[in-house]
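For reference, the structure is listed below as structure tokens.
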Amino acid sequence: MEFLDGGIAEALKESVERSDPQHAANSNDVTQGIHGHLHHFAPGHHSWLNKFVPQLQSLATKYHAGNYVAIRGTNERVFESMPIYARLGMHILFYGREQVKLLEGSKRIEQLLMEQSKREGQIYDSPESRNHIPSFIHTYNIETNELLYPPDSPAYKNFNDFFYRKLKPDARPVQNPHHEFCSAADCRLVVYPAVHDAQTFWIKGDEFTVPALLGLDRSDPLCQALEGGSLASFRLAPSDYHRFHSIADATVIGGPRDIPGQYYTVNPQAVNEKNLDVLSANKRSVLLLNHDATNKKIAFIAVGALLVGSIQWTVSAGSKVRRGDELGFFAYGGSTVVAILEPGMVEWDSDLVANSSPPKPGQLGIETMMKVGWSIGKVPDNKK
């Protein structure tokens, strides 16, 4: 693991440090650090990165530097490139098959990812980091007209305040009143009628199970209630609005339960990896909801990832929430929300099921771009 311990590890640390506004090479340009993308690799633009990982371009080609996603309502597929930090995180996972096998027991790698995730949180909590807001908006084409507070508002005391920004009340209306379930986030979504389907077509980690994800024993009543249930996975990219919302009208049962874990990337290529279960390995927090219409349970799991600072909830035990109501938010970093519903509760929208299911055996499905409030499914007619 000499290469991993050297070049890639040092490149990740350097990319994090270059996101610090006080770094000499920063110049308040987010693409000079962790947010650089493949198309930013103009001659000399990331010469510092080539010093650490001269093979990065060839590695990016070999292990993919992004993912295709489906645009809802069209047949269009668009390619989203990975920012530098996600790409480096992927190479830490996949540079050499033996390293993949060694990863789960490697305290060195776990410590590296944890330290850099916490360091990024410190950088983006600093008052100076708010100077990155204009560059971040420009890099990711963020629609500022839907923000509750304008980009130059004193409400943003640091970059993280902008990262988990609030939107205007009418920015994410709940669609289709006849469908009882809506998207939890601005995200890339896959849905499966049964957890088994998700394990077959998307979540390939050989140790992934509902009890493992929930951090509970298989005999726990909640695990038994969710056995054979439906699953939705909402993946948030760094550019997304990072507050997450209720998928249904429900009541919060108890408080959130935090589960310690790692800081692996949750990019699809990591989730699709057979030798590593990133979703139940990562730090996460579980909130239990009771669905009003069916009186059944929904487990709502917020999963942290590489450079995610924290998971925060804005509801408490006994809270009544409607579809589209806010539940919480992620501090800096891409991340994922997983919802698991008891069997028979939901009939996912057919277009989402079609995208999530592979067209041919041995292939993978494709995520669908979504916004908070968009319809994702309904209660089956025979359950109403």
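For the numbers below, each heavy atom of this structure counts, side chains included, while hydrogens, waters and symmetry mates do not. The chain is numbered in sequence order, starting from 1.
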Rounded distance (nearest 0.5 Å) linking atom CG of Leu327 with atom CZ of Arg243: 11.5 Å
message: Is it the case that over 12 heavy atoms from other parts of the model lie below 6.0 angstrom from the NZ atom of Lys166?
response: no
Distance-only donor-acceptor check, side chains Thr314 and Glu326, under 3.5 Å: yes
- prompt: Among the clusters formed by ILVMFWY side chains lying less than 4.5 Å apart, do Phe234 and Val174 turn up in the same one?
  reply: no
message: Pair Glu115, Lys13 - check salt bridge (Lys or Arg N to Asp or Glu O under 4.0 Å), show working.
response: CA-CA 9 Å; Glu115 288 175 350; Lys13 289 191 281 187; over 6 Å; no
query: Using 4.0 Å as the upper bound for N to carboxylate O, is an ion pair formed by Glu367 and Arg235?
result: yes
query: Applying the 4.5 Å side-chain criterion to the ILVMFWY set and letting contacts propagate, would Val78 and Met370 be lumped into a single cluster?
result: no
query: Stepwise, does the side chain to side chain contact (heavy atoms under 4.5 Å, CB included) test hold for Trp374 with Leu352?
result: CA-CA 11 Å; Trp374 287 10; Leu352 300 177; over 6 Å; no
query: Step by step, would you call Asn290 with Lys297 a side chain to side chain contact (heavy atoms under 4.5 Å, CB included)?
result: CA-CA 5 Å; Asn290 193 75; Lys297 304 294 187 297; 3.4 Å; yes
query: Between Pro134 and Asn131, which heavy-atom pair has the shortest distance, and what is it?
result: CD-O, 3.5 Å
- line: Here the pair of heavy atoms bringing Gln224 nearest to Ser219 is NE2-O, 3.3 Å
message: With rounding to the nearest 0.5 angstrom, report the CG to CD1 distance, Leu287 to Ile301.
response: 10.0 Å
query: Where the side chain of Ser356 meets the backbone of Val191, is there a donor-acceptor pair that is under 3.5 Å apart?
result: yes
query: Counting only N and O atoms by type, is there a donor-acceptor contact under 3.5 Å from the side chain of Lys296 to the main-chain atoms of Leu226?
result: no
- prompt: Does the side chain of Asn158 come within less than 4.5 Å of Tyr156's, by heavy atoms?
  reply: no
- prompt: Less than 4.0 Å between a side-chain N and a carboxylate O, is that true for Arg188 and Asp240?
  reply: yes
field: Nearest atoms (heavy-atom pairs only) where Gly255 meets Ala317
entry: N-CB, 4.1 Å
Arg119 bridged to Glu17 by N-O distance under 4.0 Å: yes
Closest non-hydrogen atom pair, Leu236 against Ala185: CD1-CB, 3.9 Å
field: Test: Arg130 cationic atom under 6.0 Å from Phe159 six-membered ring centre, within 45° of axis
entry: no
message: Tell me if a side-chain donor or acceptor on Asp161 pairs with a main-chain N or O of Lys157 at a distance below 3.5 Å.
response: yes
query: Would you say the side-chain atoms of Thr368 and Asn355 include a donor-acceptor pair closer than 3.5 Å?
result: yes
task: Verify the neighbour count for atom CZ of Arg77: are there more than 12 heavy atoms of other residues, nucleotides or ligands below 6.0 Å?
output: yes
Verdict with supporting geometry, His132 and Ser129, side chain to side chain donor-acceptor pair (under 3.5 Å): CA-CA 6 Å; His132 278 188; Ser129 66; over 6 Å; no
CA sep, side-chain torsions, deciding dist, call: Leu222, Leu214, side chain to side chain contact (heavy atoms under 4.5 Å, CB included): CA-CA 9 Å; Leu222 177 60; Leu214 298 178; 4.0 Å; yes
- request: Applying salt bridge (Lys or Arg N to Asp or Glu O under 4.0 Å), run through Lys283 and Asp258 and close with a yes or a no.
  value: CA-CA 8 Å; Lys283 63 175 289 188; Asp258 295 335; over 6 Å; no
task: Is it possible for you to say whether Tyr140 and Val372 belong to one hydrophobic cluster, with membership spreading through side-chain heavy-atom contacts below 4.5 Å?
output: yes
message: For a ring pair (Phe, Tyr, Trp, His ring centres under 6.0 Å) check, start with the C-alpha distance between Trp313 and Phe244, then their side-chain angles and the critical distance, and finish with the verdict.
response: CA-CA 9 Å; Trp313 298 93; Phe244 45 83; 5.3 Å; yes
Arg284 (side chain) donor-acceptor with Val337 (main chain) under 3.5 angstrom: no
task: Using atom types as modelled and distance alone, determine if a side-chain donor or acceptor of Asn282 lies under 3.5 Å from a backbone N or O of Gly304.
output: yes
message: We want to know whether Glu120 and Ser19 form a side-chain donor-acceptor pair, criterion being a heavy-atom distance below 3.5 angstrom.
response: yes
query: Do the side chains of Val69 and Leu189 join up, straight or via other hydrophobic residues, at under 4.5 Å, putting them in one cluster?
result: no
query: Would a distance-only check, ignoring hydrogens and angles, find a side-chain to backbone donor-acceptor pair under 3.5 Å from Lys168 to Tyr149?
result: no
query: Hey, quick one: are Ile71 and Val190 part of the same hydrophobic cluster, counting side-chain heavy atoms closer than 4.5 Å, chains of contacts allowed?
result: no
query: Between Arg72 and Asp349, is there a side-chain N and carboxylate O pair less than 4.0 Å apart?
result: yes
- line: Note: Val321 and Ser246 closest approach over all heavy atoms is CG2-OG, 3.6 Å
- request: For His138 and Ser135, test the side chains for any donor-to-acceptor distance below 3.5 angstrom and give the result as yes or no.
  value: no
message: Counting only heavy atoms from other residues, nucleotides and ligands, does the tally under 6.0 Å from CZ of Arg257 exceed 12?
response: yes
message: Looking at every heavy atom in both Ser239 and Phe136, which two are closest together, and how far apart are they?
response: CA-CZ, 4.1 Å
- prompt: Ser126 side chain to Ile123 main-chain N or O, any donor-acceptor pair under 3.5 Å?
  reply: yes
message: Using 0.5 Å steps for rounding, measure from the CD1 atom of Ile259 to the CG atom of Leu216.
response: 6.5 Å
query: With no hydrogens and no angle check, is any side-chain donor or acceptor of Tyr241 less than 3.5 Å from a backbone partner on Leu167?
result: no
- request: Please report the C-alpha distance between Thr294 and Glu180 in whole Å, then the side-chain angles of each, then the deciding distance to 0.1 Å, and finally whether the side chain to side chain contact (heavy atoms under 4.5 Å, CB included) criterion is met.
  value: CA-CA 11 Å; Thr294 62; Glu180 291 88 352; over 6 Å; no
- prompt: Looking only at atom types and distance, does a side-chain atom of Arg165 sit under 3.5 Å from a main-chain N or O of Phe162, one as donor and one as acceptor?
  reply: yes
field: Of Tyr164, Phe329, Phe163, Tyr332, the residue whose pairing with His242 passes ring pair (Phe, Tyr, Trp, His ring centres under 6.0 Å)
entry: Phe163
- prompt: If you round to the nearest 0.5 Å, how far is OG of Ser357 from CD1 of Ile366?
  reply: 12.5 Å
- prompt: Is there a side-chain contact between Val252 and Phe300, using heavy atoms and a 4.5 Å cut-off?
  reply: no
